[in-house]
Each structure stands twice: as structure tokens, then as C-alpha cells.
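Take a look at the structure set out below.
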Amino acid sequence: MPRPARGREPVGPGTALVGLPGIGPARARALADAGLATVLDLLLELPARHEDRARFARVADLVAGGPPLTLFGTITAARLVRTRRRGFSIYEATLEDESGSVGLVFYSQPWLARWLTPGARAFVHGRAVEKRQLVLESPHVEAEPEEPGDAALSVGRVVPIYRPQPGLPPRLRRRLVARALEEAAPKLPDRLRPRDADGLGLPSLLDALREAHFPGSAGGPGDPSLFRDRSSRHLRRLAFEELLELQVALARRRRERAARPAPRIEADSATRRSLAAMLPFPLTAAQKQAIREIGADLRSGHPMARLLQGDVGSGKTIVAVLSAVLAARRGFQTAFMAPTTILAEQHAETVHRLLAGTGVTAALLTARVTGRPRAALLEALAEGEIGLLVGTHALLEKPVAFRRLGLVVVDEQHRFGVAQRAALPARASARHEHPHVLVLSATPIPRSLALALHGDLDVSTLDEKPPGRTPVVTSVLDEDGREEAYRRLAADVGAGGRAYVVVPLVEESETIEARSVASWTEEVARRLPGRRVGALHGKMRAEARETAMRRFAAGEIDVLVATTVVEVGIDVPEASFLLVENAERFGLAQLHQLRGRVGRGSRASTCILLSGSGASPDALARLTVLARTDDGFAVAEEDLRRRGPGEALGTRQSGLPDLRIADPLADGDLLGEAKELAVRLAADGATAPFEERLILRSSERS
Ligand code: ADP
Ligand code: MG
């Protein structure tokens with residue numbers, strides 16, 4: 001519980017804001033709801049930007065469409081215009097300085113009438129637009145009164161501008177932050193040992209916080225572009241703090257896991273020979289390397305936690321199945337978990353095919369397996385008769401009893417980032433041994449980033465594809481290109497190819513899904529007279545789905561109109577054409593995954609991304625990334641850059657805190673340093689100061 005402040009006693013990081021000058025109970029409640037309950041919260045929320053109020057621009061400097069400028073002048077006229085719309089008002093004012101005057105227009109800020117009145121001296125920051133004359137108009141304008149009492153904080157210097165917070169006027173906030181920096185910030189533990197900070201050329205936490213709020217306070221002129229220029233040492237120190245906290249948490253998890261026992265699974269030479277003989281083709285060098293890495297983990301006596309990442313089609317499944325066979329030969333069972341039932345069914349088929357003749361028994365357990373067959377299966381599992389159980393993630397959520405679970409394979413497909421969650425399965429085998437865990441990801445990210453963000457997982461990367469793949473030529477067309485797209489599709493099918501048409505779902509409802517796929521199918525059939533067109537979607541009964549896939553694979557259907565159920569696992573080498581309708585509605589990684597459905601055989605393959613009429617220029621630009629590259633690493637990196645790591649990597653879902661200051665792409669060097677230091681701190685047992693979250697806000701606060 002935060003302590004309330006009493007009298008003029010100095011505040012500490014844990015002091016509640018309520019009771020501080022200007023913060024009554026009602027205000028405090030509103031602030032607490034917005035995540036600002038204590039003095040520490042105030043310190044940790046950095047300004048959105050800074051304004052250089054040491055030098056002002058003049059009204060005469062304003063240019064329509066030019067950069068935002070800070071002005072200082074006198075209000076000469078003002079009026080509140082009420083409108084018919086409830087809650088909407090317009091406040092107009094005129095600001096004058098020695099060079100001229102300019103109109104200000106504020107929407108729905110009636111409270112400005114309390115002070116922005118003729119005679120008031122005001123700071124105004126904004127960007128000019130041309131109306132009947134030049135004006136500064138919301139949302140691109142902010143105003144703040146001059147008041148004699150706080151001149152030192154709000155004028156004559158570089159001033160922090162915080163994200164607008166109802167209930168906390170800017171000047172009050174600056175006063176509170178200044179007091180917090182003076183009285184509370186020195187009491188924060190500086191968790192970076194001085195020699196480590198020196199080694200990295202980073203300032204102290206205190207200096208970094210002071211400078212981030214009030215540039216120039218640590219001496220020097222103060223840099224108003226602190227947040228635009230990532231090279232600032234002070235900002236880097238805060239980013240580092242954040243990354244280090246994350247890395248320490250990951251390093252701790254990793255050490256905890258490494259301390260537990262796990263089954264020792266060692267391959268003898270006979271096993272190794274029989275593994276090689278299982279496959280109809282030689283492994284790629286990358287696959288061999290991954291298997292060596294996995295083999296070393298499996299015999300270490302400690303739980304493996306490894307991410308196997310590789311582009312779609314790089315052969316991850318085979319690597320996982322070989323690992324399972326190895327475990328089975330030593331009497332250990334494997335749970336192989338897929339994100340969806342359909343994918344589990346597909347994996348089960350692949351696995352059955354690969355295991356034929358190995359003596360290892362595989363089974364499929366999904367929600368569709370019920371009644372007597374389910375009971376029989378569970379019994380066989382408990383008896384240890386099943387070596388490899390394929391299912392959905394629900395296998396671990398509602399744990400089923402294995403006799404000797406040795407390995408858990410988690411297929412995450414393109415939902416990257418959620419891997420961490422999988423690294424600690426809910427239940428080990430009866431002997432309290434922790435199973436080995438292998439996570440498969442089809443959205444590879446740069447190795448350094450993978451190591452950093454999945455810091456508690458080891459990473460194996462399949463950076464090469466099996467030979468004999470033909471590159472997929474991808475083009476992006478807009479609505480006007482639809483005729484051409486279908487003409488090209490018809491030509492390819494006419495020449496003996498097979499095509500997928502992927503359609504987006506409007507809603508996640510069973511009837512709507514079926515209906516929308518049916519009407520798409522009609523539409524496609526109408527465009528392709530004489531061609532056999534089939535449909536495939538997630539809400540079809542299993543038998544109907546299997547029939548559709550089998551007929552497509554056998555060439556009895558030329559064109560398969562499908563939802564994204566085809567994105568995973570479907571392997572029809574003759575398919576050579578993929579057309580995606582409303583491609584702008586899909587994520588880049590997902591489209592790349594879809595594209596992996598073609599280019600699997602010897603036919604030259606085509607992918608056309610067709611955007612709907614409503615697609616924004618931005619969305620189109622995003623799609624062209626796929627036309628430029630066929631490399632999953634490049635696609636994932638671009639996705640990261642565009643969506644930001646929080647969104648793209650799903651760190652939110654993984655329970656890892658959001659990074660608020662650091663940017664793992666831009667701050668790659670810091671990331672590496674943070675990881676290294678975290679490992680050293682963990683080895684020295686010096687991670688205790690990190691028990692308390694400082695820079696990172698935990699995600700439980702929404
Ligand atoms: P991923 O899971 O990485 O997308 P898969 O394991 O499903 O890839 O493999 C894709 C296809 O390539 C499958 O048809 C598989 O049989 C085949 N394959 C895997 N490894 C090799 C290899 N070394 N040589 C030839 N084909 C391979
Ligand atoms: Mg796969």
C-alpha cells in the first residue's frame with residue numbers, strides 16, 4: 001500500500017499522490033485509474049516530448065503545413081462558441097506577439113475559458129494550417145498559461161510535455177515531478193553496479209531520470225530532441241534498465257529450469273542409423289545441425305527448452321518427429337501439440353507416414369475423439385503403449401496421464417512470441433522429472449533478437465530449405481486487377497496447375513463462415529467456367545474437409561476456395577497458384593505462411609495478393625514487402641518493424657512486460673549487452689535488486 005504524504009515531509013518513491021499539494025481524493029482516484037498512484041509512477045512515466053521554451057518562435061515564423069512551433073504572447077480576444085451538438089464546443093482565441101497575431105481554435109475544451117482570456121500571457125505550441133487565414137487548430141495545438149510561481153519549470157528552458165492526463169494539469173505535474181526527482185528519485189536503488197555502468201558508458205539512473213524529464217538538469221543546455229534521437233546516453237540508460245530487467249527475469253527462469261532433473265535420453269549408434277534410414281531423403285545441413293543440438297540437450301540430464309525456428313517448408317516437423325523417435329527408443333513418450341485441431345490432424349497423418357516401420361506407435365487425441373475410443377487411447381497412453389501422442393495445446397491444459405513423458409513438442413506456427421508460455425509445461429511425469437520441450441516456430445526472427453526476446457530458450461535455426469523448391473513469384477494487385485488475376489489463374493489451371501483461392505472471414509460465426517465461403521465459391525466458379533471448384537473451411541465436418549482435401553490432392557478438384565485453414569500444414573505439391581482475396585486483412589507473417597502452400601513441387605508457382613477497394617495506401621505498401629522477398633526472416637523483420645515488437649511478437653500474451661522505452665530492433669546493441677550482463681548477474685547471485693519492478697510496468701495493470 002502506498003503511504004500517504006504527511007505535511008512537508010520529503011516524499012519517497014512509494015508515497016501516494018493523494019494528499020500532495022493539488023491532489024485531492026477525487027483527483028487521486030482518477031489518476032490511480034490511469035496508472036498514476038504513487039510518486040514512482042510519476043517518475044517512470046516519461047514525457048511524450050520536450051518543448052524548447054528557452055527560445056520561442058514568432059507568429060511571423062508560422063507557415064501553413066510547417067513544423068510545430070512554440071510561441072509566447074498575449075491573448076487579445078477569445079470566445080466560446082456553443083454548438084447544437086451536445087458536449088461539443090469551439091473555443092476561439094487570438095494570440096499576439098511583437099511580430100503579429102494568429103487565431104487559435106480548440107474543440108471541446110470549454111475549460112480554457114477559465115484562463116485563456118484577453119490579457120492572459122500564454123505559451124502555445126502547434127502547427128499552422130491555412131483556413132480563411134492561418135490558424136492553429138486542435139488537435140494540433142496546446143496552450144498553457146504563464147504563471148509567475150513556476151517560471152523555473154515551465155519557461156526559459158526545455159520543458160517536458162506529458163501525455164495529456166485529465167485531472168493533472170501540466171504545470172502541476174511538472175511541479176510534482178520536479179519534487180519527486182529531488183526527494184524520491186535519489187532513494188531509488190541504482191541496480192546497475194557502477195563498474196558495469198562505467199563499462200557501458202551509461203550515466204546513473206538518477207541522472208538519466210532527471211535528464212529525461214528536465215533536459216539540462218544534469219548540466220549542459222538540455223536537448224529538446226531527446227526522444228527523437230535515440231543516441232542520448234540518458235535515454236539509452238533507461239532503455240537499458242528496461243532491457244536488463246527483462247533479461248534478468250529470463251536468466252532467472254533459465255537457471256531455475258537448468259537446476260531441475262530431466263530424463264537422460266541418449267542415442268546409441270544403432271538408433272542413429274535407424275533414424276537416418278527412416279527418411280526417403282537426406283537431411284539438410286541445417287536439419288542435421290538442429291538434431292545435433294537437440295541430441296546434446298536430451299542427454300544433458302536437464303530439461304531442454306529449445307526454439308526451433310525456420311521458414312515455412314524448412315523441415316521442422318521432420319526434426320521434431322526424429323527427436324520423438326529418439327525418445328521412444330529410450331522408452332520415453334512424446335506429446336506433440338498443434339495450435340488447432342486441423343493442424344493436429346495433419347501432423348498425425350505426417351507422423352503416421354514417417355513412423356511406418358519404426359515400431360513407434362502414434363495416436364491422435366482431439367476433442368473429436370470421444371467415448372470408448374478415447375478411453376482406450378488414454379489407457380494405452382498410461383500403459384506406455386503409445387510413443388507419440390499428437391493433439392492440440394489442450395493436451396497440457398487438461399493434462400492427460402502419460403506413463404513416461406520425456407518430450408513435449410509445441411508447434412506454434414506463426415503465432416510467435418507465445419513460446420515462453422510453453423517452456424514450462426503444467427505437469428511433468430510421475431517421477432517429478434521435467435520433460436524436454438521443443439517449440440517450433442515458422443516466423444523466424446533474427447537470431448540476436450530471438451536470443452534476447454526468448455532469452456530463456458535456446459535457439460536452433462533452419463536457415464536453409466530442402467532442395468528442389470521453386471521460388472514463388474508474388475504480385476500485388478488492387479481491385480482493378482481482379483480480372484487479370486483470375487485470367488492468370490485460369491491460364492495456370494488450364495496448363496495443368498491447381499490453385500487455392502483464400503478468402504477472408506467477415507465474422508467468426510459458423511453459419512456466416514459457411515455461407516460466406518459458399519458465396520465466394522459460387523463467384524469463383526462463375527469466373528472459371530468448366531473448372532471444378534471446391535470449398536474448404538474450418539467449420540466443415542471433419543469428413544467433408546478430408547474429402548475436399550483428398551479430392552484436391554488427387555486432382556479431382558482444380559480450384560480450392562478456402563479460409564486460412566489452408567495456411568498450416570497442407571501439402572499438395574501440384575498446387576502452383578495462390579490467390580488471396582482482400583489480402584490487406586491478413587498479417588504479413590500469415591500471408592507468408594499461406595504462400596508456403598505453393599512452390600512445393602517442380603511447377604513454377606504464382607502468388608497474387610488482391611486487395612479490396614477499401615485498402616489504404618499503407619496496407620498496399622505493406623503487401624509489397626511480400627512481392628520483394630520470399631525469405632521468411634526478412635518478412636518477419638519487416639513485420640516487427642511495422643507493427644512494433646509488442647504487437648508482432650505477442651509479448652503481451654506471453655506475460656512478459658511491454659517495453660516502453662527500449663526498441664529491440666533499434667537498440668540491438670543494448671539488447672546484447674543487457675543479455676550478457678544479466679547472465680553475469682545471475683551467475684554472481686546479484687539479481688536481487690531486480691525482484692522489484694522499476695522501469696517496467698507489470699502487465700497486470702491494465
Ligand atoms: P515445416 O514444418 O518447417 O514447414 P515440414 O517439416 O512440413 O516443414 O517439411 C516441408 C516438406 O518438406 C515436407 O513435405 C517434408 O517431407 C519435406 N522435407 C523436409 N525435410 C526434407 C529434406 N531434407 N529433403 C527433402 N524434403 C524434405
Ligand atoms: Mg510445418
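Just follow the structure's listing: the first ligand is 1, and inside any ligand the first atom is 1. All values below were derived from every heavy atom in this structure, side-chain atoms included, with hydrogens, water molecules and symmetry-related copies excluded.
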- Item | Polar atom proximity, Arg600 to ligand 1 (N or O, under 3.5 Å) | no
If the cut-off is 4.0 Å to any non-hydrogen atom of [X], which atoms of ligand 1 fall inside it?
| X | result |
| --- | --- |
| Asp311 | 3 (O) |
| Val312 | 4 (O) |
| Leu283 | 23 (N) |
| Pro282 | 22 (C), 23 (N), 24 (N) |

- Task: For ligand 1, indicate whether the residue Thr284 contacts it via side chain, backbone, both or neither (heavy-atom separation under 4.0 Å).
- Result: both
- Query: Heavy-atom distance to atom 4 (O) of ligand 1: which of Gly596, Pro573, Gly313, Ala285 wins?
  - Reply: Gly313
- Message: Looking at Asp558 and Arg498, is any side-chain nitrogen of the basic one under 4.0 Å from a carboxylate oxygen of the acidic one?
- Response: no
- Task: Salt-bridge test for Arg368 and Glu345: reply yes if a basic N is under 4.0 Å from a carboxylate O, no otherwise.
- Result: yes
- Task: Report yes or no: does Glu584 contribute a side-chain atom to a donor-acceptor pair with the main-chain N or O of Leu620 at less than 3.5 Å?
- Result: no
- Does Leu462 offer a backbone N or O that forms a donor-acceptor pair with the side chain of Gln309 under 3.5 Å? no
- Report yes or no: does Ser314 have a heavy atom closer than 4.0 Å to ligand 1? yes
- Taking atom CD of Glu349 as the centre, report whether more than 12 heavy atoms of other residues, nucleotides or ligands fall under 6.0 Å from it. no
- Query: For Leu407 and Phe332, what are the C-alpha separation, side-chain angles and deciding distance, and is it a side-chain contact (heavy atoms from CB on, under 4.5 Å)?
  - Reply: CA-CA 7 Å; Leu407 173 64; Phe332 289 98; over 6 Å; no
